[in-house]
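Inspection log for the structure reproduced underneath, given as structure tokens.
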Amino acid sequence: MIAEKFVLDLCAQAATALYNAKNMELQVSKTRREFIGDYTLVTFPLLRTSKKSPEETATQIGQYLKENFVQVADFNVIKGFLNISLSEQFWSSALCDMIATPNYGFVCNNGRRVMVEFSSPNTNKPLHLGHVRNNLLGYSVAKILEACGNEVMKVNLVNDRGIHICKSMIAWQRFGAGETPSSTGLKGDHLVGNYYVKFDQAYKAEIKELMATGMSEDEAKKNAPIIIAAQEMLVRWEAKDPEVYALWQTMNGWVYDGFEQTYRTMGVSFDKTYYESNTYLLGKKLVEIGLSKGIFYKREDGSVWIDLTEDGLDEKLLLRADGTSVYMTQDLGTAVERYGEFHFDDMTYVVGNEQNYHFQVLKLILKKLGYNWSDAIYHLSYGMVELPAGKMKSREGTVVDADDLMQAMVDEAREMSQELGKLDGLTAQEIENISKMIGLGALKYFILKVDPRKTMLFNPAESIDFNGNTAPFIQYTHARIKSLLRKAEGSPMVLNSCVNAKEVEIIKLLLEFADAVAQAGEQHSPAVIAAYAYELAKEYNQYYHDFPVLRSDVELQDRAQRLLIASQVATMISRAMGLLGINSPERM
RNA sequence: GGCUCCUUAGCUCAGCUGGAUAGAGCAACAGAUUUCUAAUCUGUCGGUCAUGGGUUCGAAUCCCGUAGGAGUCACCA
């Protein structure tokens with residue numbers, strides 16, 4: 001982009017000089033591969049000012065550029081398109097500049113404070129494939145925003161209270177027989193999740209029994225003893241009943257240990273974790289304030305609502321008739337608490353698109369309460385992950401567990417590597433490390449390369465494919481370059497002014513990195529970075545194969561240039577992959 | 001039904017501030033290795049950009065209609 005901007009600037013100068021055009025909207029883009037040139041000026045928008053034919057205009061500007069700027073080596077005109085070729089000198093010096101810039105592509109502090117919330121698990125079951133997309137997106141977006149110069153705070157919000165956790169607790173009391181993670185060897189979140197499933201099974205059985213006695217389905221659902229027990233437990237919890245509270249803390253503790261392990265494997269982390277059990281009370285206070293200001297209203301049964309019909313939305317519940325809080329209540333509380341603590345310029349929520357409406361309402365309510373910073377809230381709404389068989393349904397057992405999935409990826413990576421003999425002679429520890437980098441990298445890249453907003457299909461078989469547009473392919477390119485650099489240690493790395501066409505392509509890509517980061521930040525899309533990393537790896541592989549004469553030892557000069565370019569490619573690949581939370585192995 | 005989003009090659013996806021003949025990967029087929037690690041590379045095959053209109057020099061991209069799909073409209077979170 002730096003080169004693109006440069007060309008744009010030259011064209012603007014030319015247009016001003018030739019046609020006295022001011023504030024022209026000039027369009028410069030990369031020249032398509034089938035034409036000769038580096039960048040192309042589209043002359044159509046200029047015609048009104050130049051009052052000449054497209055060809056004439058393009059030729060005039062081209063000649064002006066060639067005569068006045070040494071960086072412009074040549075030009076050609078096809079229809080209304082002016083294709084501009086920059087000089088080899090320009091490319092080699094651009095690359096030199098880039099090499100001289102530490103942390104190229106990353107911006108220093110821009111003074112903005114941003115918060116990114118992601119993960120947001122419930123404490124009644126383990127993380128699944130949907131959470132995987134959430135966590136990877138959140139972590140990567142945070143990294144990218146940081147690279148764009150923001151001060152970033154990564155936060156998690158744990159939904160640790162509510163009827164769901166009570167269900168697991170009830171089931172554990174009834175069927176658990178004192179089981180603990182250490183007594184069963186199960187991860188805490190899996191153990192608790194199992195009881196959640198057991199609750200559901202028992203609940204269904206009771207409904208069936210009641211219906212057999214002639215009760216309607218709705219009635220049976222309300223009157224099943226086990227659900228009543230769960231609801232009673234929730235009331236006792238809100239009253240801080242010591243026995244219930246202790247059990248709640250114990251079981252949540254198991255879950256946190258399990259989550260911690262999953263997060264560590266996944267490679268994500270947080271700067272702060274919020275708990276719904278702490279923020280829902282503040283939410284309730286806000287509801288009172290809203291009531292006193294007349295923004296909310298109370299119905300006869302005591303429930304509190306806000307009427308948003310004038311804004312084209314519905315009426316929304318904020319407090320149940322029994323005074324207990326709902327999702328919106330605590331989210332309001334959490335938002336206000338966070339702003340008070342951090343005074344963010346931007347608050348990104350990484351939450352699935354099934355909650356689009358929720359966030360629309362959240363922003364609106366905050367605004368009505370007088371919090372103008374609600375404009376800073378951005379809902380990064382990602383699409384669902386579907387499986388070839390269809391949707392994930394916990395009831396049908398088609399949920400893909402995050403831990404299982406990651407383990408399967410690592411195992412697969414190890415097997416494939418071993419089959420190819422890539423791991424021969426390495427220690428067990430090295431094998432494990434490399435398998436993890438590859439298996440998890442494959443998973444992460446497979447998910448992150450897709451536009452976050454889109455519903456995506458997760459195909460297990462394809463995700464472990466190590467060819468094509470995948471992380472292993474990119475990692476492999478990186479590892480090979482590292483291998484080259486190890487062998488060439490001590491050799492000089494110098495760029496001469498003579499760069500071939502392939503090298504120019506690579507330099508272009510390298511220069512575009514900064515722009516890719518900025519764009520990914522604006523769009524909150526790691527997919528932009530993924531596409532860039534893949535292009536770079538692919539371009540490099542072609543470069544390597546297109547110039548076989550450079551393969552064997554040739555003159556020092558050629559080797560020196562090759563090494564320099566290779567080294568820059570490796571650096572940029574590694575930086576790009578870093579933004580995706582993916583490791584770039586030195587060998588694989 | 002209301003609102004929001006989606007539909008591009010057999011499959012998975014890019015491309016979207018309007019620009020040239022719409023691109024990758026996978027799958028299929030045909031080739032390339034005295035290498036910097038072949039987990040690679042090259043080539044072939046594959047398209048009515050869901051559909052019908054509109055805007056204009058020019059539309060996959062912007063606007064409207066239609067069809068198909070998803071999400072949401074809970075005293076769940």
Side-chain angles (χ1 to χ4, degrees), chain A residues 25 27 29 31-35 40 42-45 47 54 78-81 83 120-122 124 159 161-164 276 299 301-305 312-328 330-331 351-358 360 381 383-384 386 388 391 413 416-417 419-422 438 446 449-451 453-459 461-463 465-470 472-477 479-488 527-528 530-531 534-535 537-538 540-546 548 550-553 559 562-563 566 587-588:
Chain A
E25 279 186 30
Q27 288 178 41
S29 54
T31 301
R32 298 177 61 119
R33 279 183 195 256
E34 55 269 36
F35 301 102
T40 298
V42 183
T43 59
F44 294 102
L47 301 184
I78 296 170
K79 294 191 207 168
F81 300 92
N83 301 320
S120 317
N122 289 348
N124 62 327
N159 295 313
R161 61 164 283 279
I163 193 76
H164 54 274
E276 192 191 331
R299 286 190 183 170
D301 62 3
S303 57
V304 178
W305 296 74
L313 305 172
D314 296 324
E315 293 181 34
K316 189 82 185 172
L317 177 83
L318 293 168
L319 220 52
R320 295 193 187 101
D322 63 5
T324 55
S325 65
V326 291
Y327 182 38
M328 184 60 76
Q330 66 85 14
D331 242 14
V351 180
N353 63 12
E354 72 271 16
Q355 291 189 31
N356 286 351
Y357 184 69
H358 172 80
Q360 217 179 327
S381 159
M384 313 195 89
E386 289 181 357
K391 288 187 150 170
M416 288 191 73
S417 303
E419 263 174 40
L420 289 166
K422 299 275 179 188
I438 299 173
F446 189 86
K449 74 175 174 182
V450 180
D451 185 324
R453 290 166 302 188
K454 288 194 173 173
T455 301
M456 69 167 288
L457 184 84
F458 181 78
N459 186 331
E462 233 174 83
S463 71
D465 195 336
F466 290 8
N467 289 314
N469 188 359
T470 62
F473 167 68
I474 300 167
Q475 290 172 317
Y476 176 64
T477 303
R480 245 175 43 222
I481 294 174
K482 282 297 186 185
S483 162
L484 162 69
L485 295 174
R486 273 196 301 275
K487 285 180 186 170
V528 174
Y534 173 60
E535 273 310 307
K538 208 173 84 171
Y540 181 78
N541 276 305
Q542 284 174 9
Y543 166 59
Y544 160 45
H545 280 272
D546 278 9
L550 296 179
R551 287 193 197 177
S552 54
D553 272 336
R559 190 177 171 84
R562 233 172 59 203
L563 289 175
R587 65 178 81 225
M588 64 184 272

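Per chain, numbering begins at 1; letters A, B, ... match sequence-line order.
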> Pick the nucleotide of RNA chain B nearest each of L313(A) and L319(A); which residue has the one closer to the 5' end?
Replying inline: L313(A)

>> Both I438(A) and S29(A) contact RNA chain B. Which one's nearest nucleotide lies toward the 5' end?
In response: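 In this pair, the answer is S29(A).
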
>> Can you give me the dot-bracket string for RNA chain B, 5' to 3', counting Watson-Crick and G-U wobble pairs with both distances under 3.5 Å, using [ ] for crossing pairs and | for partners on another strand?
In response: (((((((..((((.....[...)))).(((((.......))))).....(((((..]....))))))))))))....

Whole angstroms only, please: what is the [atom1]-[atom2] distance between [X] and [N]?
{"X": "N83(A)", "N": "rU21(B)", "atom1": "CG", "atom2": "C1'", "result": "14 Å"}
{"X": "Y357(A)", "N": "rC76(B)", "atom1": "OH", "atom2": "C1'", "result": "16 Å"}
{"X": "N353(A)", "N": "rU4(B)", "atom1": "CG", "atom2": "C1'", "result": "9 Å"}
{"X": "Y327(A)", "N": "rA74(B)", "atom1": "OH", "atom2": "C1'", "result": "14 Å"}
{"X": "Q330(A)", "N": "rC76(B)", "atom1": "CD", "atom2": "C1'", "result": "12 Å"}
{"X": "K538(A)", "N": "rC41(B)", "atom1": "NZ", "atom2": "C1'", "result": "11 Å"}
{"X": "H358(A)", "N": "rU72(B)", "atom1": "NE2", "atom2": "C1'", "result": "13 Å"}
{"X": "N541(A)", "N": "rA32(B)", "atom1": "CG", "atom2": "C1'", "result": "15 Å"}

Could you tell me whether the side chain of [X] and the main chain of [Y] form a donor-acceptor pair under 3.5 Å?
{"X": "K449(A)", "Y": "N469(A)", "result": "yes"}
{"X": "N541(A)", "Y": "A537(A)", "result": "yes"}
{"X": "T43(A)", "Y": "G80(A)", "result": "yes"}

If I pick the [atom1] atom on [M] and the same atom on [N], what distance separates them, to the nearest angstrom?
{"N": "rA70(B)", "M": "rA32(B)", "atom1": "P", "answer": "48 Å"}
{"N": "rA50(B)", "M": "rU7(B)", "atom1": "P", "answer": "8 Å"}
{"N": "rC11(B)", "M": "rG46(B)", "atom1": "C1'", "answer": "12 Å"}
{"N": "rC16(B)", "M": "rA27(B)", "atom1": "C1'", "answer": "28 Å"}
{"N": "rC5(B)", "M": "rA9(B)", "atom1": "P", "answer": "23 Å"}
{"N": "rU42(B)", "M": "rU4(B)", "atom1": "P", "answer": "45 Å"}
{"N": "rA28(B)", "M": "rG18(B)", "atom1": "C1'", "answer": "36 Å"}
{"N": "rU72(B)", "M": "rG58(B)", "atom1": "C1'", "answer": "39 Å"}

What nucleotide, of [options], holds the atom closest to the side chain of [X]?
{"X": "E34(A)", "options": "rU42(B), rG19(B), rG23(B)", "result": "rG23(B)"}
{"X": "F81(A)", "options": "rA20(B), rC41(B), rA39(B)", "result": "rA20(B)"}
{"X": "R320(A)", "options": "rC76(B), rU4(B), rU42(B)", "result": "rC76(B)"}
{"X": "F466(A)", "options": "rC76(B), rA39(B), rU4(B)", "result": "rA39(B)"}
{"X": "F35(A)", "options": "rC41(B), rG19(B), rA20(B)", "result": "rA20(B)"}
{"X": "P45(A)", "options": "rA77(B), rG19(B), rA39(B)", "result": "rG19(B)"}
{"X": "E354(A)", "options": "rG19(B), rA20(B), rU72(B)", "result": "rU72(B)"}

>> Return a single string for nucleotides 11-18 of chain B, one symbol per nucleotide in 5' to 3' order, where B is base contact, S is sugar-phosphate-only contact and - is none, cutoff 4.0 angstrom on heavy atoms.
In response: -SSS----

Does [X] get its side chain close enough to the base of [N], under 3.5 Å, for a donor-acceptor pair?
{"X": "K422(A)", "N": "rA39(B)", "value": "yes"}
{"X": "S417(A)", "N": "rA39(B)", "value": "yes"}
{"X": "T470(A)", "N": "rA39(B)", "value": "no"}
{"X": "D331(A)", "N": "rA77(B)", "value": "no"}

Is the shortest side-chain N/O distance from [X] to OP1 or OP2 of [N] below 4.0 Å?
{"X": "Q355(A)", "N": "rA77(B)", "answer": "no"}
{"X": "R453(A)", "N": "rU4(B)", "answer": "no"}
{"X": "Y476(A)", "N": "rA39(B)", "answer": "yes"}
{"X": "R32(A)", "N": "rG23(B)", "answer": "yes"}

Hydrogens and angles aside, do [X] and [Y] bring a side-chain donor and acceptor to less than 3.5 Å of each other?
{"X": "Y540(A)", "Y": "E535(A)", "result": "no"}
{"X": "T324(A)", "Y": "R320(A)", "result": "yes"}
{"X": "H164(A)", "Y": "N159(A)", "result": "no"}
{"X": "T40(A)", "Y": "S29(A)", "result": "no"}
{"X": "T470(A)", "Y": "D465(A)", "result": "no"}

>> As an exercise, state the distance from CG of N122(A) to CD of E276(A), rounded to the nearest 0.5 Å.
In response: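 Spacing of CG (N122(A)) from CD (E276(A)) equals 8.5 Å.
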
> Should the pair F44(A) and F81(A) be assigned to parallel (<30°), tilted (30 to 60°) or perpendicular (>60°) ring geometry?
Replying inline: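 Correct class here is perpendicular.
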
>> Centroid distance below 5.5 Å plus an interplanar angle below 30 degrees: do F44(A) and rG19(B) meet both conditions?
In response: yes

>> Does Y476(A) form a ring pair (Phe, Tyr, Trp, His ring centres under 6.0 Å) with F466(A)? I'd like the steps, not just the answer.
In response: CA-CA 9 Å; Y476(A) 176 64; F466(A) 290 8; over 10 Å; no

>> Taking any heavy-atom pair under 4.0 Å as a contact, classify A479(A): base, sugar-phosphate, or nothing.
In response: base

> How about S417(A) and I438(A): do any of their side-chain heavy atoms sit closer than 4.5 Å?
Replying inline: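 Side-chain contact under 4.5 Å: yes.
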
> Given F473(A) and Y534(A), is the ring pair (Phe, Tyr, Trp, His ring centres under 6.0 Å) satisfied, shown in steps?
Replying inline: CA-CA 8 Å; F473(A) 167 68; Y534(A) 173 60; 5.7 Å; yes

